[in-house]
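First the structure, in the form of structure tokens, and then the observations on it.
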Amino acid sequence: MDYRPQELDRKWQQHWASSRAFEVSADSSRPKFYCLEMFAYPSGHAHVGHVRNYIIGDVVARTKRMRGYNVLHPFGWDAFGLPAENAAIQSGIHPDVSTRGNIAHMKGQLQRLGISYAWERELATCDPEYYKWNQWLFIRMFERGLAYRRRSSVNWCPSCSTVLANEQVVDGGCWRCGTPVEMRDLEQWFFRITAFADDLLDATVSLTGWPEKVLTMQRNWIGRSEGARVRFPIEGEAAVQVEVFTTRIDTIYGATFVLLAPEHPLVSGLAAKSKDPVSFRQQVQAFRAQDRAARISGEIEKQGFDTGFRAINPFTHEPVPIWIANFVLGEYGTGAVMAVPAHDQRDFEFARKFNLPIRVVVTPEGRPARADRMTEAAEAYGTLVNSGEYSGLGSNEAQKRMIATAKQRGIGEGTAQYRLKDWGISRQRYWGTPIPMIYCEKDGIVPVPDEQLPVELPKLARFSGRGDSPLAQVPEFVNVRCPKCAGPARRETDTMDTFVDSSWYFYRFADPRNNTMPFDPAAVKYWLPVDFYSGGVEHAILHLIYSRFFARVFRDLGLVDHSEPFTQLLTQGMVLKDGVVMSKSKGNVVDPDTMLQKFGADALRLYVMFVAPPEKEVEWTDTGLEGSFRFLARVWRLLDRWRETIGGEGIGSPDTCESLNAAERALRRKTHDTIRRVTIDIEQRRQFNTAVSAMMELVNELYAFGERTATGPPGRRAEQDAGHVGEMERRETICVVREALEALIRLLAPFAPHTAEEMWEILGHGASFAAVTWPTYDAVVARAEEIVVPVQINGRVRSRLTVSAEASEQDLERLALADPAIRSYTTGKTVKKIVVAKGPLVSLVVR
RNA sequence: GCGAAAGUGGCGGAACUGGCAGACGCGCCAGACUUAGGAUCUGGUACCCGAAAGGGUAUGGGGGUUCGAGUCCCUCCUUUCGCACCA
């Protein structure tokens with residue numbers, strides 16, 4: 001009977017579907033496990049790179065199910081987004097149509113892989129039943145001031161013709177297409193994620209199940225820095241002050257000038273009053289026109305000019321010049337800095353270039369540096385000098401006292417600054433959630449009443465790809481009555497960033513058909529947080545920080561009782577082909593369906609899990625896949641060779657067999673040790689490749705065992721008279737082999753579920769794996785009876801002792817010294833030291 | 001520039017708390033069974049010397065701690081990733 005996986009795939013997939021094997025409901029009497037893979041953008045075809053993630057999740061989900069957990073393992077579609085809309089501009093096919101077609105195809109691919117999803121909970125974010133709750137939530141956030149509208153300078157991608165959030169700008173370009181981002185002044189909707197900056201930052205220490213790398217990225221992104229704001233009056237301008245942010249208030253006696261960003265709000269006022277307003281404005285314009293990416297990255301030279309105005313250092317009361325500099329960022333802190341050239345490298349370079357004074361006010365070890373001899377700024381903390389009453393204090397102490405003084409005198413206060421900005425969510429595109437807001441001349445901004453939700457996307461007839469906000473060109477959509485005064489009003493025509501959709505879909509899975517709330521809090525209380533979440537690292541800050549933000553919003557709305565939605569996070573590596581990431585444009589995608597037709601779902605699943613640990617990038621090889629197929633066929637032949645022998649009734653467990661011979665005991669030991677290793681590898685180490693190799697070892701052992709038995713190994717079965725097998729084996733052999741095979745099949749089930757189900761059935765078991773329990777091991781049986789102990793002399797292995805596992809340290813020492821090979825090294829010399837290490841291992845120092 | 005992770009046979013990788021480096025797989029070599037083998041089974045496969053027994057050298061380079069280092073420490077090199085004038 002040959003191994004024909006394609007038939008098994010079909011048979012068991014049908015069986016799982018018709019028996020609703022993976023559908024679940026909340027059950028407080030059982031422990032729950034929520035296993036989730038990042039949902040998919042329905043691009044049309046999943047390649048093996050995408051599919052790796054789903055297989056990882058499926059192995060975890062299936063294992064947990066066998067271990068008695070009530071497992072929620074859902075899937076859905078991140079179905080809004082630009083590619084579908086751009087395709088519509090090209091092809092004229094409506095995004096709704098193409099998206100649904102893509103979803104149907106990809107769903108089929110996942111089903112053919114045998115991923116154990118609870119498909120009845122499937123959702124797509126482009127369904128009004130889903131995005132209605134985006135709108136509902138938006139309004140709740142608006143009511144609480146967490147969603148607000150403001151005019152500001154925003155990132156604009158000219159290619160996608162839409163605004164981008166800061167998180168979506170990578171190296172100065174659009175995260176999706178790489179086009180350099182431009183700045184535009186626009187009225188936009190923002191989510192006040194900065195209100196949770198401290199919470200999001202501080203809680204990272206509680207995320208012990210996350211990779212440290214991702215946490216570091218999030219901490220850097222939030223970018224909290226402690227410091228102070230200090231206000232500098234302007235000489236002769238009583239009405240205005242320059243407020244600066246500094247993390248080094250201890251160096252304020254060394255502040256010899258003040259720098260403003262070209263975007264600083266005071267700049268235009270100063271220009272007007274300056275001696276030469278025309279040239280002033282020209283220089284500011286020149287700075288602002290500089291390439292933003294280059295300006296921020298420090299690639300261009302530091303430039304600046306003197307405004308002619310002077311600020312009064314509130315600590316020294318000295319007047320210092322105010323300059324405008326191209327490297328000062330308008331959007332960070334106050335957009336103005338006090339420049340301390342002696343103790344800040346950037347200020348140092350600027351002072352040297354423009355001959356501005358440098359004054360040393362902090363010294364690390366007693367003797368102050370000479371300003372005229374410095375080659376770089378002295379940024380280290382130390383003891384203050386030339387700082388009036390603060391001289392002699394350490395930097396830390398000085399900071400505390402200076403902040404207290406500033407506060408007392410009303411010239412400043414201690415604060416923290418963040419690099420995290422509020423999340424701009426308006427998108428000038430069609431294929432997204434309409435923002436449920438109405439603008440009325442009389443009543444201003446008015447939310448759409450809850451009972452009118454959802455605000456549905458109108459069907460667009462044409463996609464031109466030109467101009468802003470396609471919805472603005474649909475009069476029936478734009479023109480509405482004001483919900484308050486019933487007067488004429490117009491709708492918001494921007495749509496939401498699709499990252500809004502993906503920030504809470506994992507809650508909706510707990511209760512996906514609810515039509516009165518986003519979800520029932522009780523359902524979420526049972527299922528959430530997600531116990532195991534896996535996806536690509538590319539979401540380390542985008543999706544994962546937005547989701548943590550949404551969890552806090554739901555928490556503050558009283559809908560959930562936790563703050564962190566994902567307990568354990570696994571960031572899986574990409575699958576490469578020919579050394580590069582698979583992509584349609586590179587023409588190097590490996591289509592899972594082709595592989596399925598050749599080798600079946602289980603070989604593909606097994607290969608993907610075996611090739612490397614899940615976090616690592618892997619290079620796809622066809623021969624590796626064939627190897628996995630061969631392994632499964634090898635297991636299949638093993639079962640074929642033993643099925644009639646061990647299938648009979650009335651055969652007890654090996655525990656009841658008293659007289660196992662050495663080979664049988666060794667096989668039992670291997671069986672139990674394999675269960676131990678596979679269980680730990682899957683459940684604790686999440687290192688699936690070594691779990692697979694442990695199973696391969698067991699299979700090799702079973703082949704070797706078969707070699708020694710009456711009927712011979714599986715490969716020779718063809719030459720045996722099949723009618724006679726079975727009667728020739730010892731009862732003990734049958735017990736031990738059956739135990740080994742039944743364990744193997746169950747361990748294999750999460751990786752190769754179709755094959756395992758079939759083999760389980762062949763062995764005469766009725767129940768499908770949804771109901772089968774994970775094998776357990778006996779630690780005593782798993783331990784070897786006899787062990788080989790290496791003996792080292794001066795660090796080199798010179799002999800090996802075969803001893804009982806119970807041998808004591810003294811026994812080992814004695815046996816080592818008595819060993820002939822060892823004696824040839826010790827005779828005539830002194831044994832200076834003997835170490836018996838756990839392991840065990842004996843190490844002798846001989847001189 | 002700063003920070004993090006990593007560097008192991010021809011290849012993917014293993015080695016859990018410092019204890020036999022190279023598990024398992026791919027590839028390759030040989031044998032068996034065969035009309036045949038690109039099926040299957042068995043054996044071999046880090047490198048160097050040696051007919052063999054055996055010996056020596058090996059985890060990016062150099063140094064150190066230790067009875068013992070792929071693993072810990074220092075230093076340098078390379079690769080990948082993240083951050084990059086954030087005051």
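None of the values given here were measured: they were computed from a predicted structure. Atoms considered below: every heavy atom in the structure, side chains included; atoms not considered: hydrogens, waters and symmetry mates. Naming: A, B, ... by sequence-line order, numbering from 1 per chain.
Residue V788(A) is in base contact, counting any heavy-atom pair closer than 4.0 Å across all strands shown.
Annotation: F350(A) is in aromatic contact with F327(A) [ring centroid separation under 6.0 Å]. Aromatic pair F751(A)/F610(A): ring centres not closer than 6.0 Å.
The side chain to side chain donor-acceptor pair (under 3.5 Å) pairs that include a residue from residues 602-612 of chain A are D58(A)-R605(A), D602(A)-H754(A), D602(A)-T755(A), Y607(A)-T621(A), where partners are two or more places apart or lie in different chains.
For the pair R219(A) and G82(B), the criterion of a side-chain N or O lying under 4.0 Å from OP1 or OP2 is not met. Dashed line: the shortest gap from a side-chain N or O of R677(A) to OP1 or OP2 of A23(B) is not under 4.0 Å. Phosphate contact (OP1/OP2 of G25(B), side-chain N/O of N700(A), threshold under 4.0 Å): present.
Side-chain proximity of S843(A) to the nucleotides C26(B), G19(B), A87(B) is greatest for G19(B). The D344(A) side chain lies nearest to A87(B) when the options are A87(B), A14(B), G19(B).
Taking the syn range as angles within 90° of 0, the glycosidic angle of G9(B) is syn.
A tilted orientation is assigned to the rings of F287(A) and F305(A), their planes being inclined by 30° to 60°.
Nucleotides A53(B) and C41(B) place their C1' atoms 31 Å apart, quoted to the nearest Å.
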What protein N or O atoms touch nucleotides 57-60 of chain B N or O atoms at under 3.5 angstrom, if any, and at what distances?
unit_1: U57(B); atom_1: OP2; unit_2: R796(A); atom_2: NH1; d: 2.8
unit_1: U57(B); atom_1: OP2; unit_2: R796(A); atom_2: NH2; d: 3.0

Heteroatom pairs (N/O) under 3.5 angstrom, protein to nucleotides 36-38 of chain B:
none

